[in-house]
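What follows is a single structure, written as structure tokens, with notes after it.
Only heavy atoms go into these numbers, but all of them, side chains included; no hydrogens, no water, no symmetry mates. Here is the naming used below: chain letters follow the sequence lines, and residue numbers restart at 1 for every chain.
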Amino acid sequence: MMTKAQWSHCLEEMDKMFPDAHCELVHSNPFELLIATVLSAQCTDALVNKVTKDLFQKYKKPEDYISVPIEELQNDIRSIGLFRNKAKNIQALSLMLIDQFNGEVPPDRDVLTTLPGVGRKTANVVVSVAFGVPAIAVDTHLERVSKRLGLARWKDTPLQVEEALMKKTPKELWSKTHHQMIFFGRYHCKAQNPQCPVCPLLDVCREGKKRMKNRDVRV
DNA sequence: AACTCGGGGCA
DNA sequence: TGCCCAGAGTT
């Protein structure tokens with residue numbers, strides 16, 4: 001397993017590679033971030049941003065989302081995947097915010113998870129980006145990178161990966177680490193054709209060294 | 001643990 | 001045109 005010192009070195013190298021890593025969802029308040037993050041499940045942030053530009057012009061408050069027929073909301077988000085589920089979740093979620101939370105987004109990860117369409121990953125993004133709560137939102141990028149580097153075991157669940165990362169990372173860096181790892185995973189440590197031959201983390205990466213030894217990697 | 005829900009992007 | 005990408009909920 002990777003040591004804390006090695007992981008600290010990795011974070012420094014990722015910072016050099018992606019100094020501008022940041023949340024890519026376009027939003028101006030916690031409610032918009034919540035909607036954008038729910039929409040982002042199983043699709044890219046770039047795709048979500050195409051939809052939310054118009055969406056947030058039309059829908060400002062939870063009340064606005066439940067004031068239209070579900071077919072209309074479905075149509076407004078049709079170009080992203082899973083739009084029927086997401087439209088239903090957003091209307092149910094808006095109703096819950098009005099009924100239980102005075103129309104506000106609760107700034108608590110475990111409370112957010114009770115909302116429909118909000119799992120642990122989405123809740124972690126919302127509390128960390130909107131409310132500054134230290135959190136590491138584990139998506140497929142973080143999961144893959146953590147397992148390749150040797151920070152987590154191959155059989156670990158996303159929650160186990162999150163716990164391993166929190167254990168090895170200073171708390172004040174949790175939120176930043178999430179964004180760095182997203183960029184590193186998407187553009188460098190890709191699911192297909194990871195850039196091991198030019199990777200600055202190669203000397204401490206379990207999977208990278210294995211791949212270089214086997215030389216089945218395209219350079 | 002496996003399955004389902006749906007599109008866009010890209011080769 | 002077929003493969004790859006990206007979470008939550010249910011069984």
Side-chain angles (χ1 to χ4, degrees), chain A residues 18 21-27 32-55 65 70-97 105-106 108-130 135-148 152-166 175 178-196 207 211 216-218:
Chain A
F18 305 102
H22 62 284
C23 179
E24 294 181 290
L25 294 170
V26 174
H27 63 278
E32 286 188 0
L33 177 68
L34 176 61
I35 298 296
T37 312
V38 167
L39 290 176
S40 77
Q42 290 293 102
C43 81
T44 62
D45 292 352
L47 192 56
V48 172
N49 287 337
K50 289 185 181 178
V51 171
T52 52
K53 190 168 195 271
D54 289 336
L55 198 70
Y65 286 99
I70 189 150
E71 292 78 13
E72 183 174 342
L73 182 55
Q74 283 178 3
N75 196 54
D76 289 333
I77 62 173
R78 184 165 288 278
S79 61
I80 67 174
L82 312 175
F83 59 89
R84 292 180 190 86
N85 285 337
K86 290 174 182 177
K88 187 176 70 176
N89 284 337
I90 286 172
Q91 288 198 326
L93 168 163
S94 297
L95 206 52
M96 280 184 68
L97 290 184
V105 178
D108 182 283
R109 202 260 316 283
D110 295 320
V111 176
L112 283 166
T113 302
T114 67
L115 299 172
V118 180
R120 192 175 177 90
K121 185 263 180 181
T122 297
N124 274 334
V125 169
V126 171
V127 293
S128 77
V129 175
I136 301 179
V138 174
D139 68 350
T140 59
H141 293 300
L142 271 77
E143 190 172 342
R144 180 181 67 255
V145 170
S146 300
K147 290 177 178 184
R148 280 181 177 166
R153 296 176 292 263
W154 287 108
K155 297 184 68 173
D156 281 351
T157 63
L159 181 57
Q160 288 175 308
V161 173
E162 182 184 329
E163 287 166 347
L165 286 170
M166 290 191 294
S175 299
H178 160 74
H179 295 122
Q180 288 179 297
M181 291 182 76
I182 293 267
F183 277 71
F184 180 70
R186 181 178 308 149
Y187 300 114
H188 194 89
C189 192
K190 298 179 286 188
Q192 260 72 39
N193 301 325
Q195 308 296 298
C196 302
E207 179 70 9
R211 282 172 182 262
D216 54 0
V217 189
R218 280 187 283 162

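Taking for each of Arg120(A) and Lys190(A) the nucleotide of DNA chain C with the nearest heavy atom, the 5'-most of the two is the partner of Lys190(A). If Thr157(A) and Leu47(A) are placed on DNA chain B by their nearest nucleotide, the residue sitting closer to the 5' end is Thr157(A).
For His141(A), taking side-chain heavy atoms from C-beta onward, the closest of the listed nucleotides dG9(B), dC5(C), dG6(B) is dC5(C).
Contact annotation for Val118(A): backbone-only contact, meaning every heavy-atom pair under 4.0 Å involves sugar-phosphate atoms and none involves a base. Thr44(A) comes within contact range of no nucleotide atom at all, as no heavy-atom separation falls under 4.0 Å. Residue Pro116(A) is classed as a sugar-phosphate contact, given heavy-atom separations below 4.0 Å to backbone atoms only. Within the nucleic acid shown, Gly119(A) comes within 4.0 Å of sugar-phosphate atoms alone, with no base atom in reach, counting heavy atoms only. Using a 4.0 Å heavy-atom distance criterion, Ile182(A) is classed as making no nucleic acid contact. In this structure, Asp139(A) reaches the sugar-phosphate backbone alone: every heavy-atom distance under 4.0 Å involves primed, P, OP1 or OP2 atoms, never a base.
If you take CZ on Arg153(A) and CD on Gln160(A), they are separated by 6.0 Å, rounding to the nearest 0.5 Å.
Taking 4.0 angstrom as the limit, Arg84(A) places a side-chain polar atom (N or O) nearer than this to OP1 or OP2 of dG6(B). Applying the 4.0 Å criterion to OP1 and OP2 of dG9(B), one finds that Lys50(A) has a side-chain N or O inside that range. Between Thr140(A) and the phosphate of dC5(C), there is no side-chain N or O to OP1/OP2 separation shorter than 4.0 Å. At the phosphate of dA8(C), OP1 or OP2 sits under 4.0 Å from a side-chain N or O atom of Thr122(A).
Atom P of dA6(C) sits at a distance of 16 Å from the matching atom of dA11(B), rounded to the whole Å. For the C1' atom pair drawn from dA8(C) and dG9(B), the interatomic distance equals 23 Å after rounding to whole Å.
The backbone N or O of Asp139(A) sits nowhere less than 3.5 Å from a side-chain atom of His141(A) that would complete a donor-acceptor pair. Asn124(A) contributes no side-chain N or O that, together with a main-chain N or O of Val138(A), makes up a donor-acceptor pair within less than 3.5 Å.
Using bins of under 30°, 30° to 60° and over 60° for the plane-to-plane angle, the ring pair Phe184(A)/Phe18(A) lands in the perpendicular bin.
Atom CD1 of Ile77(A) and atom C1' of dG8(B) are 14 Å apart (whole Å).
Under the 4.0 Å criterion applied to side-chain N and carboxylate O atoms, Lys121(A) and Glu143(A) are not assigned as salt-bridge partners.
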